[in-house]
Amino acid sequence: MTVCPKHREVLGIYWRPVHRCQHPLHKSSKPGKCDRGVTFKMSKEIKDQWDVLVQTGSEICRQCREKHKEHIKTSCSKKIRDDVVKNIFPDNTESSLNDVAFENNAQETLTTELEFSALTDIDEENLASPDNIDDKDWISTPQVSRNLAALNDFLKVVHGRDVSPLRSQCNLSVSDMAGSTIRYYKRKALESCEAVMHCIAPGQSNALLALIKRDDTSPIPSSKDSELIKRLIMLYEESDSWSTKREILSLFAQDYTKPQLITMVPGLSKWRIDEARKHAALVGPGKPLDVPNVHRMKLDPVKVDHFIDFVSSPNYLQDVAYGTRTIKLTNGED
């Protein structure tokens, strides 16, 4: 296909958007207050849903953007429902489907929990039961693309367009991945967990996730040694020397987590916990630190002996009688 220079310029680098909403759902005669442009993904969705080409960058108003989001979410739910029904009843006719669980406009009231559970059951059955599949090309290896597609469809139903789809799976060891890659998979895992929590407890996903992530920080663990731990904590508080406290703390510092120890012992810091654990590993739990006695000398003993020998040499020192003031040398001089 050949494009003339005029249309190449008008539809290319010199193209400018019209200052009114270009979405097909915009039926008002008013242009609308356009605050954003149509993205490539939105343009593709408009082409698939309404068979209308809206160029990327065309202006769109807030009301049409919300209508578009709701329409895509509804159509996606219907598409997932249809795929689930086809997988469950591949040989049933359309009349027999009306007798199973989709009466009274069930396609519009199908909840996210039922969609994801049915989709997951079908995906696991297709992956783990080769006897139920007549396709000769079936292989026993996990279908990575199907798993990603099911997860992305679920995230799209729950979060809509607020969450981007998962692009790939983590095939490397976490210790060998770069920092940006670890942050990406951590963020996607958190988004997936929040979506599941939203299905389990709508409106309380953060509270439910906090319950799962919260550590058990009971003040005194209920066990047979609880009385002994109480006595050790009492001795720790009554001690004045840090070395004694470190020895006492090393007896039970490795048996509990840092949050538990901080709750059990008032005023305890993480640095003291690390020092107590280090003492238990290097010296032993509860054992005193054997500090050698070091006698420091300002002068080297070898140098001191050399100096004494030098000043005591007969070449420089002459013994004379008490009271002698003059010395007579060998050459006769006084």
Novice: Take a 6.0 Å sphere around CZ of Arg187 and say whether it holds more than 12 heavy atoms from other residues, nucleotides or ligands.
Specialist: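 Yes.
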Novice: With a 4.5 Å cut-off on side-chain heavy atoms, are Lys245 and Glu275 touching?
Specialist: no
Novice: What I'd like to find out is whether the side chain of Ile273 reaches to under 4.5 Å of the side chain of Val265, using heavy atoms alone.
Specialist: no
Novice: Just by distance, do the side chain of Ser313 and the backbone of Phe310 share a donor-acceptor pair under 3.5 Å?
Specialist: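 No.
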Novice: Passes salt bridge (Lys or Arg N to Asp or Glu O under 4.0 Å), Glu191 versus Lys188? Steps please.
Specialist: CA-CA 5 Å; Glu191 292 174 352; Lys188 301 307 294 184; 3.0 Å; yes
Novice: Would you confirm whether Lys6, through its side chain, and Val3, through its main-chain N or O, come within 3.5 Å as a donor-acceptor pair?
Specialist: no
Novice: Does a side-chain heavy-atom distance below 4.5 Å link Trp50 with His71?
Specialist: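 With C-beta onward as the side chain, the pair touches.
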Novice: Would you say Leu228 ends up clustered with Tyr256 if hydrophobic residues are merged whenever their side chains have heavy atoms under 4.5 Å apart, either directly or through other cluster members?
Specialist: yes
Novice: When rounded to the nearest 0.5 angstrom, what is the spacing between OG1 in Thr2 and NE2 in His7?
Specialist: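 Output value for this atom pair is 13.5 Å.
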Novice: Sub-3.5 Å donor-acceptor pair from the side chain of Ser58 to the main-chain atoms of Pro17, do we have one?
Specialist: no
Novice: Short question: side chain of Ser43, backbone of Gln55 - any donor-acceptor pair under 3.5 Å?
Specialist: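 No.
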Novice: Decide whether Glu59 and His19 meet the rule of one side-chain donor and one side-chain acceptor closer than 3.5 Å.
Specialist: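 Indeed, the side chains of Glu59 and His19 share at least one donor-acceptor pair under 3.5 Å.
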Novice: What are the two closest heavy atoms between Ala253 and Leu261, and how far apart are they?
Specialist: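 Between these two residues, the closest heavy atoms are O-CD1, 3.5 Å.
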Novice: First locate atom CG of Leu268, then atom CD of Gln260, and finally report the distance between them rounded to the nearest 0.5 Å.
Specialist: 12.5 Å
Novice: Does a side-chain N-to-carboxylate-O contact under 4.0 Å join Glu66 and Lys69?
Specialist: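 Between Lys69 and Glu66 there is no salt bridge, as every charged N stays at least 4.0 Å from the carboxylate O atoms.
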Novice: Got a second to check how far Lys67's NZ is from Ile60's CD1, nearest 0.5 Å?
Specialist: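 It comes to 10.5 Å.
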Novice: Measuring from Glu333:CD to Thr326:OG1, what's the distance to the nearest 0.5 Å?
Specialist: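 Those atoms lie 13.0 Å apart.
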Novice: Counting neighbours of NZ on Lys47 that are heavy atoms of other residues, nucleotides or ligands and sit closer than 6.0 Å, is the number greater than 12?
Specialist: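 Buried by this count: over 12 neighbours within 6.0 Å.
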Novice: Are Val52 and Ile72 linked, directly or through other ILVMFWY residues, by side chains that come within less than 4.5 angstrom of each other?
Specialist: no
Novice: Which heavy atom in Ser192 sits nearest to a heavy atom in Leu151, and how many Å separate them?
Specialist: OG-CD1, 4.1 Å
Novice: Roughly how far apart are Lys41 NZ and Thr56 OG1, rounded to 0.5 Å?
Specialist: 13.5 Å
Novice: So, for Leu289 and Arg246, which heavy atoms are closest and what is the spacing to 0.1 Å?
Specialist: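 The pair with the smallest heavy-atom distance is CD2-NH2, 3.9 Å.
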Novice: Using every non-hydrogen atom in the two residues, find where Lys287 and His279 come nearest and quote the distance to one decimal.
Specialist: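 Nearest pair, atom of Lys287 first, then His279: O-NE2, 2.6 Å.
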Novice: Any heavy-atom pair between the side chains of Glu247 and Pro288 that's under 4.5 Å?
Specialist: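 The answer is yes, as the side chains (C-beta and beyond) meet within the 4.5 Å cut-off.
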Novice: Just verifying a value: how many Å separate Cys21 SG and Arg65 CZ, rounded to the nearest 0.5 Å?
Specialist: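 Rounded to the nearest 0.5 Å, the SG-CZ separation comes to 9.5 Å.
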Novice: Testing the basics here: between Cys61 and His26, what is the closest heavy-atom pair and its distance to 0.1 Å?
Specialist: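 Nearest heavy atoms, Cys61 then His26: SG-ND1, 3.7 Å.
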Novice: Hey, is CG on Asp240 packed in by over 12 heavy atoms from elsewhere, all under 6.0 Å?
Specialist: no
